[in-house]
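What follows is a set of notes on a single structure, which appears directly below.
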There are 2 protein chains.
Amino acid sequence: MARVQAERADAVLALATTFRLHGYEGTSLTAITAQTGLGKGSLYHFFPGGKEDMARAVLDEVGDWFRREVYEPLRADGPADQRLAAMFTAVETYFASRHLVCLFAAFALGQERDRFAAVIAAYFSEWLDALETATGDRELAADTVATLQGALILARALNDPALFPATAARAQSRAQTRARARAHPPLSS
Amino acid sequence: MARVQAERADAVLALATTFRLHGYEGTSLTAITAQTGLGKGSLYHFFPGGKEDMARAVLDEVGDWFRREVYEPLRADGPADQRLAAMFTAVETYFASRHLVCLFAAFALGQERDRFAAVIAAYFSEWLDALETATGDRELAADTVATLQGALILARALNDPALFPATAARAQSRAQTRARARAHPPLSS
DNA sequence: GTCTATACAGCGATAGAC
DNA sequence: GTCTATCGCTGTATAGAC
């Protein structure tokens, strides 16, 4: 079902790349028209709210992806080990193919934070909640998400892409060990 | 020794706050003049290279602080436990009083990353090296710095300042436990 | 739906008086 | 060293033809 006319969904994917490369403030409409191939007319047709509208559409799309591919598997049935494995696989695949940048984290650090505060907070708190559901351990959830996010920063800062999967793998085995210990306590308690 | 005329060092401190609040792209010269109380004339007198020069001065100042208060204690004499404790105390104090933002991390995520790539990489690799010196464990070093940086993001994203010291405290006890286990292996090896 | 032309505010930076 | 005035450019956003 090929289409001649552009679709909003296609534009959102291209926009995600641009925002990942340049951040919110650093992304100009000129860069967007170059990346998407759409003129300003088309862009404002799809996103009447302008640049903020475009960014919001991207965050929504990413949020939906995580809800579907990361949070839901964490809340599914099955042993914690398996649920955690599903999460780590999805997350590692996702960031490896997206320039090792988490848009929510990037937006949380800039002045655009206030503008998107609600959706940023929702992304992370949903993630923490789902991890807590899977492991029964809120602190473990926070440690795990923090390690993953920090590993993304380190990988980017040191220009060492391999650092992310390596750090994520250790976080995974630590999380699985602790979840197992919690499910089957060694002695009493 | 009071002075009437402004000093570059004072300006750098004020600039740090501005860049932390707005990021690099989001910091305008107008915001800088408001925050520092200096006109453009004075700013360009102190920082002939303009905005990039100002940001670089801030990064240098922060880098020096970490070198002195964080990395050196990690390389000092004494048991690993003590060196790690010194690092965590310094880091927690630092970020608690500075809006829970690491400028190097913030700059690493935006489009200004390329401009400051060298100094950003130096900051993190020095930190990792110093931690490896203290613990003898490169992976532990990466996990620790990643957890701290991720905790900063989470605290900011969730607007929950307490999350940072709580997560840092767990990272500290984990690091000390692992460093101890490495220094005094339980059995053979 | 897509284009070109344009409005107009704000940007970083500079000049020159004091 | 600090100020004010101003430059040239780019930013987002809009208007209107097609």
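Below, chain A is the first sequence line, B the second, and so on; all start at residue 1.
As rounded to whole Å, 11 Å separates atom P of D/dT12 from atom CD of B/E25. Residue A/E7 contributes atom CD, which lies 16 Å from atom C1' of C/dT2 at whole-angstrom precision. For B/E112 and C/dC11, the CD to P distance is 16 Å, given to the nearest whole Å. Taking atom OH on A/Y44 and atom P on D/dA13, their separation rounds to 3 Å, with Å as the unit. Here C/dG12 presents its P atom at 13 Å from CD of B/E52, a figure rounded to the nearest Å. Separating the CD1 atom of A/I32 from the P atom of D/dT10 is a distance of 17 Å, rounded to the nearest angstrom. In this structure, CG of B/L43 is placed 13 Å from P of C/dT14, rounded to the nearest angstrom. At whole-Å resolution of the value, CZ in A/F47 and P in D/dT12 are 15 Å apart.
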Determine all donor-acceptor pairs shorter than 3.5 Å in which one atom belongs to a side chain in residues 12-22 of chain A; sequence neighbours excluded.
residue, atom, partner, partner atom, Å
A/T18, OG1, A/A14, O, 3.1
A/R20, NH1, A/Y94, OH, 3.4
A/H22, ND1, A/T18, O, 3.4

What pairs of donor and acceptor atoms, side-chain ones from residues 44-55 of chain B against any protein atom, are under 3.5 angstrom apart with sequence neighbours left out?
residue, atom, partner, partner atom, Å
B/K51, NZ, B/Y24, O, 3.0
B/K51, NZ, B/T27, O, 2.8
B/E52, OE1, B/R115, NH1, 2.8
B/E52, OE2, B/R56, NH2, 2.7
B/D53, OD2, B/G49, N, 2.9

Let me have the donor-acceptor pairs involving side chains of residues 140-151 of chain A, under 3.5 Å, with sequence neighbours excluded, atom names and distances please.
residue, atom, partner, partner atom, Å
A/D143, OD1, B/R170, NE, 3.1
A/D143, OD1, B/R170, NH2, 2.9
A/D143, OD2, B/R170, NE, 3.1
A/D143, OD2, B/R174, NH2, 2.8
A/T144, OG1, A/L140, O, 2.7
A/T147, OG1, A/D143, O, 2.7
A/T147, OG1, B/T147, OG1, 3.1

Under 3.5 Å, which donor-acceptor pairs link side chains of residues 154-164 of chain B to any protein atom two or more places apart or in another chain?
residue, atom, partner, partner atom, Å
B/R156, NE, A/A108, O, 2.8
B/D160, OD1, B/A162, N, 3.4

Can you give me every donor-acceptor pair (side chain of residues 31-38 of chain A, partner residue at least two apart or in another chain, under 3.5 Å) with its distance?
residue, atom, partner, partner atom, Å
A/T33, OG1, A/L29, O, 3.4
A/T33, OG1, A/T30, O, 2.7
A/T36, OG1, A/I32, O, 2.7
A/T36, OG1, A/L38, N, 3.2

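Between A/S28 and D/dT10 there is no side-chain polar atom (N or O) within less than 4.0 angstrom of OP1 or OP2. Close to D/dG11, at under 4.0 Å from its OP1 or OP2, lies a side-chain N or O of A/T30.
Residue pairs meeting the salt bridge (charged side-chain N to carboxylate O under 4.0 Å, His left out) criterion with at least one partner in residues 69-90 of chain A, sequence neighbours excluded, are A/D81-A/R180. Residue pairs meeting the side-chain hydrogen bond (donor to acceptor under 3.5 Å, both in side chains) criterion with at least one partner in residues 121-142 of chain B, sequence neighbours excluded, are B/R67-B/E126, B/D129-B/R138, B/E132-B/R138.
Using a 4.0 Å heavy-atom criterion, one finds that B/T33 contacts no nucleic acid atom at all.
Using the six-membered ring where Trp is involved, A/Y71 and A/F66 have ring planes that are tilted, between 30° and 60° apart.
Within residues 12-24 of chain A, no residue has any heavy atom under 4.0 Å from DNA chain D.
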Report each atom pair, protein N/O against N/O of nucleotides 3-6 of chain D, whose distance is under 3.5 angstrom.
residue, atom, partner, partner atom, Å
D/dC3, OP2, B/G39, N, 2.9

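When all heavy atoms are compared, the tightest approach of A/E112 to A/A106 is OE2-O, 3.9 Å.
Of the candidates D/dA13, C/dA13, D/dG1, the closest approach to any side-chain atom of B/H45 belongs to D/dG1. You'll find that the side chain of A/L29 is closest to D/dA13, out of C/dG1, D/dA13, C/dC11.
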